[in-house]
Amino acid sequence: MLERNKDTLYRTLPLTVLKADTFMKRLKGLMFRTTALQHEALLITPCNSIHMCFMFFSIDVVFLNEENKVVKVVQSLKPWDFIAPVKGAKTTLELPEGSIKEHSIKSGEFLNL
């Protein structure tokens with residue numbers, strides 16, 4: 001259960017969030033896309049690991065639990081890299097490269113999606 005207190009940080013990102021919540025949308029993800037993300041993100045649910053096979057650009061990745069709490073951040077994930085399953089993650093947010101630094105996203109924060 002989510003414990004809310006005065007020290008909990010909630011954030012809303014200024015991006016258009018596309019949702020991949022069906023088998024086919026999750027399977028395709030960003031594969032074969034030739035242009036990098038710009039002012040948009042892909043929310044993949046359920047998802048606790050990713051691969052970068054058939055990707056043509058790097059991305060930042062944020063893993064969230066069921067309450068949208070950030071459990072892990074990965075900056076500048078390159079094509080053909082892999083992220084093993086992340087304990088506690090239920091959702092993956094794929095962002096334009098540099099977004100984690102630009103928006104100061106850190107583990108323990110909550111994202112409003």
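Residue numbers run from 1 in the order of the sequence given.
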Study note, to complete from the structure: Scanning both residues in full, the closest heavy-atom pair of Pro79 with Ser58 reads CD-OG, 3.8 Å
Point to revise | Evaluation steps, side chain to side chain contact (heavy atoms under 4.5 Å, CB included), between Met52 and Trp80 | key: CA-CA 5 Å; Met52 294 288 288; Trp80 296 99; 5.6 Å; no
Check your understanding: Are Val70 and Ile105 side-chain neighbours, meaning at least one heavy-atom pair lies under 4.5 Å?
Key -> yes
Review point. Ala84 and Ser49: which non-hydrogen atoms are nearest, and at how many Å?
Key: C-CB, 3.7 Å
Practice item. Answer yes or no: is there a side-chain heavy-atom contact under 4.5 Å between Lys101 and Gln75? Key: yes
**Study point:** Atom CZ of Phe23 with >12 non-hydrogen neighbours under 6.0 angstrom
**Key:** no
Point to revise | Contacts of type ring-ring contact (aromatic ring centres under 6.0 Å, His included), residue Phe57, not counting sequence neighbours | key: none
Exercise for review: Can you measure from CG (Leu111) to NE2 (His103) and round to the nearest 0.5 angstrom?
Suggested key: 10.5 Å
Study note, to complete from the structure: For Phe32, the ring-ring contact (aromatic ring centres under 6.0 Å, His included) test, sequence neighbours excluded, returns Phe54
Practice item. Enter the distance from Arg26:CZ to Thr45:OG1 here, rounded to the nearest 0.5 Å. Key: 8.0 Å
**Study point:** Residues Glu40 and Arg33 bridged, charged N to O under 4.0 Å
**Key:** yes
Review point. Within a radius of less than 6.0 Å around NZ of Lys78, do more than 12 heavy atoms belonging to other residues, nucleotides or ligands occur?
Key: yes
Point to revise | Joint hydrophobic cluster, Leu64 plus Leu15, side-chain heavy atoms closer than 4.5 Å | key: yes
Review point. Do Val73 and Asp60 have side-chain heavy atoms sitting under 4.5 Å apart?
Key: no
Point to revise | Test item: Glu97 and Ser76 side chains (from C-beta on) under 4.5 Å apart, heavy atoms | key: yes
Point to revise | Heavy-atom check, side chain of Thr92 versus side chain of Val61, under 4.5 Å | key: yes
Exercise for review: Kindly determine whether Ile83 and Val74 satisfy side chain to side chain contact (heavy atoms under 4.5 Å, CB included), including the steps that lead there.
Suggested key: CA-CA 9 Å; Ile83 300 294; Val74 179; 4.0 Å; yes
Review point. Is Leu95 linked to Leu43 within one hydrophobic cluster, defined over Ile, Leu, Val, Met, Phe, Trp and Tyr using a side-chain heavy-atom separation of less than 4.5 Å?
Key: yes
Exercise for review: State the OG1-CD distance between Thr91 and Glu66, to the nearest 0.5 angstrom.
Suggested key: 8.5 Å
**Study point:** Exercise: identify the closest heavy-atom pair between Leu27 and Met31
**Key:** O-CE, 3.2 Å
Review point. Shared ILVMFWY cluster between Val86 and Phe110, side chains joined below 4.5 angstrom?
Key: no
Check your understanding: Is any side-chain heavy atom of Leu30 less than 4.5 Å from a side-chain heavy atom of Leu37?
Key -> yes
Check your understanding: What is the distance from atom CD1 of Ile50 to atom CE of Met55, rounded to the nearest 0.5 Å?
Key -> 7.5 Å
Review point. From Phe82 CZ over to Cys53 SG, what is the distance, rounded to the nearest 0.5 angstrom?
Key: 3.5 Å
Practice item. Report the C-alpha distance between Asn68 and Asn112 in whole Å, list the side-chain angles of each, state the deciding distance to 0.1 Å, and finish with yes or no for side chain to side chain contact (heavy atoms under 4.5 Å, CB included). Key: CA-CA 7 Å; Asn68 289 341; Asn112 291 320; over 6 Å; no
Review point. Below 4.5 Å, heavy atoms only, C-beta onward: do Val17 and Leu93 meet side chain to side chain?
Key: yes
**Study point:** Within-4.5 Å side-chain heavy-atom neighbours: Lys90 and Pro46
**Key:** no
Review point. When you look at Glu94 and Ile44, which way does the side chain to side chain contact (heavy atoms under 4.5 Å, CB included) test go after all the steps?
Key: CA-CA 8 Å; Glu94 298 182 348; Ile44 306 172; 3.4 Å; yes
Check your understanding: Where is the tightest heavy-atom contact between Ala20 and Leu42, given as atom of each residue plus distance?
Key -> CB-CD1, 3.9 Å
Exercise for review: Check the hydrophobic clustering (I, L, V, M, F, W, Y; side-chain heavy atoms under 4.5 Å; chains of links allowed) and say if Phe56 and Leu18 are grouped together.
Suggested key: yes
